[in-house]
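Heavy atoms only: backbone and side chains are in, while hydrogens, waters and symmetry mates are out. Keep in mind that what you see is a predicted model, and the values were worked out from it rather than measured.
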Amino acid sequence: FIDSLVARQMAAIAGDPAALRSNWAQVYTSLAAAERRTAAGRGGPAGRGPGRGRTAGAGLATARALLDSALVHDPEYLPAFLEYAALLRDAGDFRAAGDWLDRAEAIDSGYAPIHRARAELVAAEAEAEGREGTSAALEAQVAHYERALELEHDLAERARLNQELRELYAAHGRVAEAIRTAEAYVADAPTVSTYLRDRKDEAAAFAAELRAATGHAGETLDFFADLVARKPQHYGHRLQYADALAMAGRLAEAAAT
């Protein structure tokens with residue numbers, strides 16, 4: 001197993017110039033993603049804000065160049081396709097962003113992150129057109145998230161997808177669906193690591209918090225008491241417990257918590 005992890009490195013040492021092409025593609029894609037996020041925060045004229053004198057347009061041009069470099073190293077490196085789509089999405093060119101996702105899907109239709117990216121594209125386009133609160137936009141995003149969950153095998157990514165889906169439901173006021181989504185994850189959540197056990201607890205706390213906020217706070221207090229006792233260092237859960245206590249009318253205990 002360990003040998004399999006270094007197979008490409010050993011091939012490179014042996015003289016194969018293409019052995020590490022996906023490694024280089026990952027480097028350039030990561031740099032492009034960082035550039036895109038920075039460019040999104042620049043705005044305004046040059047010389048102001050976190051861009052240190054560079055315009056957002058210059059940052060996007062740099063990100064494009066980095067992605068072109070990634071695809072020179074590995075023309076089928078799918079994360080680069082998705083980052084290109086995100087770059088175009090953020091620039092408002094939704095059709096071109098969709099084209100990059102189509103190209104990625106043509107290479108590997110079973111690559112789950114494509115569908116997460118499609119959900120994000122639907123959200124961005126709906127917001128630009130002033131229809132982000134419509135049921136049609138929501139259902140389109142949900143369909144993409146559900147497809148991603150069907151395809152995704154990485155346990156950490158599955159946890160993240162569930163979190164994004166349940167938060168999407170909650171943001172649209174679909175409380176029952178948000179609770180069901182969180183509890184469906186909790187029902188068979190993997191707990192093979194501390195990280196994954198934390199994700200299970202967070203999903204359970206999310207569902208309990210929504211139940212408390214919708215008139216069932218008393219039913220959640222035992223859960224939160226146990227959770228806080230197990231994780232006294234987690235101040236987010238302490239705050240959720242305090243809110244539940246307050247909503248249950250136990251104000252002194254809420255203040256003490």
Side-chain angles (χ1 to χ4, degrees), residues 25-26 28-43 56-57 59-64 66-68 70-71 76-174 177-178 181-182 184-185 199 202-203 206:
Q26 180 184 17
Y28 282 108
T29 300
S30 297
L31 290 171
E35 192 67 39
R36 173 176 61 86
R37 289 190 292 267
T38 302
R42 284 179 186 135
L60 294 175
T62 300
R64 282 176 177 265
L66 289 164
L67 288 172
D68 289 341
L71 292 171
E76 293 191 351
Y77 185 66
L78 293 180
F81 284 66
L82 269 57
E83 181 56 33
Y84 234 126
L87 186 70
L88 292 163
R89 178 201 68 212
D90 290 356
D93 192 345
F94 304 123
R95 181 183 296 274
D99 289 343
W100 276 94
L101 296 179
D102 290 342
R103 292 168 65 181
E105 195 162 6
I107 294 172
D108 184 359
S109 61
Y111 188 58
I114 295 171
H115 297 281
R116 178 177 178 270
R118 288 195 186 279
E120 293 175 338
L121 179 58
V122 168
E125 192 168 7
E127 182 178 4
E129 296 174 357
R131 53 181 181 83
E132 64 271 25
T134 64
S135 59
L138 172 62
E139 296 305 327
Q141 291 173 74
V142 167
H144 287 306
Y145 273 114
E146 289 179 343
R147 181 58 176 156
L149 282 164
E150 289 175 5
L151 295 171
E152 185 59 72
H153 299 293
D154 183 280
L155 299 181
E157 284 301 308
R158 287 185 59 81
R160 183 171 74 146
L161 287 167
N162 181 274
Q163 178 183 358
E164 291 178 358
L165 178 55
R166 66 186 186 244
E167 289 178 352
L168 175 65
Y169 273 130
H172 283 77
R174 303 278 284 270
E177 290 94 333
T181 300
Y185 177 78
R199 301 295 81 75
E202 287 169 3
F206 177 90

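Residues passing the side-chain hydrogen bond (donor to acceptor under 3.5 Å, both in side chains) test with Glu129 are Arg131, sequence neighbours excluded. Arg147 pairs by the salt bridge (Lys or Arg N to Asp or Glu O under 4.0 Å) definition with Glu150, not counting sequence neighbours. With sequence neighbours excluded, the residues satisfying side chain to side chain contact (heavy atoms under 4.5 Å, CB included) with Glu105 are Ser109, Ile114, His115, Arg118. Scored by the side-chain hydrogen bond (donor to acceptor under 3.5 Å, both in side chains) test, Glu167 finds Gln163 as partners (sequence neighbours excluded). Listed by chain and number, the residues in a side-chain hydrogen bond (donor to acceptor under 3.5 Å, both in side chains) with Glu202 are Arg199 (sequence neighbours excluded). For the side chain to side chain contact (heavy atoms under 4.5 Å, CB included) test, no residue two or more places apart in sequence or in another chain qualifies with Ala143. The side chain to side chain contact (heavy atoms under 4.5 Å, CB included) test applied to Ala117 returns Leu82, Leu101, not counting sequence neighbours. With sequence neighbours left out, Phe206 forms a ring pair (Phe, Tyr, Trp, His ring centres under 6.0 Å) with no residue at all. A search for salt bridge (Lys or Arg N to Asp or Glu O under 4.0 Å) contacts involving Glu152 returns nothing, not counting sequence neighbours. With sequence neighbours excluded, the residues satisfying side-chain hydrogen bond (donor to acceptor under 3.5 Å, both in side chains) with Glu139 are Arg174.
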Would you give me the side-chain donor-acceptor pairs under 3.5 Å for residues 83-90, sequence neighbours excluded?
from, atom 1, to, atom 2, distance (Å)
Glu83, OE1, Arg36, NH2, 3.3
Glu83, OE2, Arg36, NE, 2.5
Tyr84, OH, Asp68, OD1, 2.9
Arg89, NH1, Glu120, OE1, 3.3
Asp90, OD2, Arg36, NH1, 2.8

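Side-chain contact between Tyr28 and Leu71 is absent, with no heavy atoms from C-beta onward closer than 4.5 Å.
Rounded to the nearest 0.5 angstrom, Leu121 CG and Gln141 CD are separated by 10.0 Å. To the nearest 0.5 Å, atom CZ of residue Arg160 and atom CG of residue Asn162 are 12.5 Å apart. Taking OG1 from Thr181 and CG from Leu165, the interatomic distance works out to 4.5 Å, rounded to the nearest 0.5 Å. With rounding to the nearest 0.5 Å, the separation of CG in Leu60 from CD in Glu35 is 8.5 Å. Rounded to the nearest 0.5 angstrom, Thr62 OG1 and Leu67 CG are separated by 11.0 Å. For the atom pair CZ of Phe81 and OG1 of Thr29, the computed distance is 10.0 Å after rounding to the nearest 0.5 Å.
For residues 116-171, no residue pair satisfies the ring-ring contact (aromatic ring centres under 6.0 Å, His included) rule, not counting sequence neighbours.
Salt bridge Glu157/Arg116: absent, no basic N to carboxylate O contact under 4.0 Å.
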